[in-house]
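See structure below.
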Amino acid sequence: MIGGFVHCKEAQIGMLMFQKMVYERGIEPDGLCMVSILKACTHLKDLTMGTSVHGLVIYRGLDCDLFVGNSLIDMYSKCQDADSAFKVFDAMPRRNRVSWNSILTGFVFNERHLDALTLFYSMGKEGIEADEVTLVNVLQTSKHLRMFHCKSVHCVTIRRGYVSNELLLNSLIDTYAKCNDVDLAWKLFNGMKKRDVVSWSTMISGFASCGRPEEAITVFHEMMRLQAQDQKPNEITIINLFEACSASAELKRSKWAHGIAIRTGLSAEVAVGTAIVDMYSKCGAIGESRKAFGQILEKNTVSWSAMIAAYGMNGLGHEALALLAEMKLYGLKPNAVTILSVLSACSHGGLVEEGVSLFNSMAQDHGVEPRLEHYTCVVDMLGRAGKLVMAMEFIKKIPQDLKAAARASNAWGALLSACRSYRNSEVGLEAASHVLELEPGNSAGYLQASSIYAASGLWVDAASMRSLLKERGVRVVAGYSLVHVGHKAYRFVAGDHSPAHDGNIHSMLQLLHACMKAEKRNIVDDLDLID
DNA sequence: TTAGGGTTAG
C-alpha cells in the first residue's frame, strides 16, 4: 500500500501511513516496506526521516538486505549526504551492479566527481561490468572534470552494443562537445538513426559553448525545418539558442530568438525569461534586459540574480546594489551567486567601499557564508582600484579550508592581472609565482608575468617567461573582440593586422584610439584641477 | 542514467 502511494508521488501520505503502522499499530515493517518508505524519503529529500528509517533498518536486522541497502544509498545521496551513502555502500555484505551504480550516481549528483571516477576504476577492478547507467554517469564526471575519457567510454559503448541507446549517445555528444571536441560530437550526431529533442538541444548548446554560434543557429534552423517529424523545440532548446545568440553578441539575432520564444509560447517560462535577461545583457542591451525582467511573471532568486549580473556586466554598480535591496523587499532571499554578482558589479563599477562592506556583512545580513569565489571577487575589486598591497594581504586572510579548493589560484590570478594594469612588479612577481605554481597549464600567467617584466625593462626575464611557455607546450588562447558591420562580424585580436580586415577599419580604430587617449588626458586634467 | 536560466581574471 505504501509502495502504491510512493509510486503515485504521494510520498507524504505514504510516510504518514508508515508512521501510523509502525508507531501506533506496532506492526513490524519488512524489507519491501523499508524500500518503499526509503523511496518516499528520497522523493521528499527528508534526511531526518531517512536517518530514522535507517535506525529502524538496523534495529530490525534488515541492513544486510541488498535492496534495502541500495535504497539507503539512494536516499542519502539525494538528501545530499554522500558520506553516509558511501558508509552504507562500504558496509554492505553483498553488492550488485545496482549498488555500484547507486553510489556512482550519488557521487555525481553531489558533484563528488573525483570520488566517482575512483569508484568507476574500482568497479573495473572488481570485475563489475559497466552498463548504460554506469557509462552515462562516468560521462557526466568527465564533462565536469573536463577530462577526456569520452573516447574510451565511446569504445565501451560500441563493444557492449549500446550504439542505438539514444540516452547514452546524447550524453556522449554532450561530453564530446563540452570537452572541446565538437566536431566529433557533430559526427556522432549525424550518425544517429533517431534523434530526439535532447539530441538537437545538446548539439545547439555544443556549438554555442565552443564559440561557434553560426553552426548552432544552423542546427536550430534544421530542427525547425524537420518540425513535421515531431522535432518541436522545448524551453531548453530555446535557452540553448539564446546561448548561441549571446556568443555572437549580436542584438538583432537576440531579438529574432526572443521572437521565436514568444511565437512558440515558451517565453512565459521563468527559466526562458531569465535567459532572455542574460542574453540581452551580453549584447550590451541593458534596457532590453530590464524590459524582459519586468515581463517575468513569477521572478525567482535566479531571475533577480541574472538582472543584478546584467547591471554589473554593464558597469552599473549602484543599480545592482539597489536591486539587491529591492529583492529583499519582495521577500526573496539572495543566495551565494546573487551576492557574488553584486560583489562583481561593485568591482566593475569601482564601488570598493560598498563592496567590502557587503562582503563583511554578507553572513549576518543575508545568511550567506563567504566562499572562495567571494574572496576572489574582493581581491579583484581591491586590485582594480589599485589597492594592490591590500589585495595581497586579503588573499593571505583566506581561510585554509577554502584555499584547499582547486580554484584557489584565481585570487592570485586576479591580483596578477591588476598588477599588470598598474605596472607593479613587486607585488606582481609574487602573484605570478603563485599562479605559475598553481596553474602551470594556463597561458595567462606566463604572458602577464612576461608583460610585467617587460614594463620594468627586464627584457631577459620577459623573454624567459615566453620561452618557458613554449617549453612546457602551453597553448595560448587569445582574447578577441567582435564588431558587427552590416551582416558581417569582424573578429579582432590584439596586434592583429591581417589583410582579412579592411584597411579602413584599422585607420578608423587608430582614430578612435587617438580620441580616447585625448579624452583620458582631459579627464586627468579635470581631476588635477579638482585636486 | 541524457540537453537547460544567474557568478568569478586573463
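All chains are named by letter (A, B, ...) in the order of the sequence lines, taking the proteins before the strands, and each is independently numbered beginning at 1. Just so it is clear, the values below take in all heavy atoms, side chains as well, and ignore hydrogens, waters and symmetry mates.
- When heavy atoms are screened at a 4.0 angstrom cut-off, A:Gln448 is found touching the sugar-phosphate backbone but no base atom.
- Distance from the side chain of A:Lys78 is smallest for B:dT1 among the nucleotides B:dT1, B:dG6, B:dA9.
- As judged by a 4.0 angstrom heavy-atom cut-off over every strand, A:Ser201 is placed among the base-contacting residues.
- When each of B:dT8, B:dG4, B:dG6 is scored by its nearest atom to the side-chain atoms of A:Glu373, the top-ranked nucleotide is B:dT8.
- Contacts of A:Val270 with the nucleic acid, taken as non-hydrogen atoms under 4.0 Å apart, include base atoms.
- Counting any heavy atom pair closer than 4.0 Å across all strands shown, A:Ala414 reaches a base atom.
- Of the candidates B:dT1, B:dG5, B:dA9, B:dG5 carries the atom nearest the A:Ile239 side chain, counting heavy atoms from C-beta on.
- For A:Glu132, taking side-chain heavy atoms from C-beta onward, the closest of the listed nucleotides B:dA3, B:dG6, B:dT1 is B:dT1.
- In this structure, A:Asn442 reaches the bases: a heavy-atom distance under 4.0 Å links it to at least one base atom across the strands shown.
- For A:Arg384, whose side chain is taken as the heavy atoms from C-beta onward, the closest listed nucleotide among B:dG4, B:dG10, B:dG6 is B:dG10.
- With B:dG5, B:dA3, B:dT1 as the candidates, the nucleotide lying closest to the side chain of A:Lys178 is B:dA3.
- Backbone-only engagement by A:Met313 is indicated by non-hydrogen atom pairs under 4.0 Å involving sugar-phosphate atoms exclusively.
- As judged by a 4.0 angstrom heavy-atom cut-off over every strand, A:Asn300 is placed among the base-contacting residues.
- Listed in residue order, the members of residues 339-351 of chain A having a heavy atom less than 4.0 Å from DNA chain B are A:Leu340, A:Ser341, A:Ser344, A:His348.
- Side-chain atoms of A:Val136 lie closest to B:dT2 of the nucleotides B:dG4, B:dT2, B:dA9.
- Using a 4.0 Å heavy-atom distance criterion, A:Gln140 is classed as a sugar-phosphate-only contact.
- Applying the salt bridge (charged side-chain N to carboxylate O under 4.0 Å, His left out) criterion to A:Arg112, with sequence neighbours excluded, gives A:Asp83, A:Asp115.
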Checking A:Phe86 against A:Tyr76 for the side chain to side chain contact (heavy atoms under 4.5 Å, CB included) test, could you report, in this order, the C-alpha distance in whole Å, the side-chain angles of both residues, the deciding distance, and whether it holds? CA-CA 9 Å; A:Phe86 187 71; A:Tyr76 277 124; over 6 Å; no
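- Among the protein residues, A:Ala271 comes within range of the nucleic acid bases, having at least one heavy atom under 4.0 Å from a base atom.
- Distances shorter than 4.0 Å separate some side-chain N or O of A:Ser417 from OP1 or OP2 on B:dG10.
- There is a side-chain donor-acceptor pair under 3.5 Å between A:Tyr446 and A:Arg472.
- A:Ser303 comes within 4.0 angstrom of a base, heavy atoms only.
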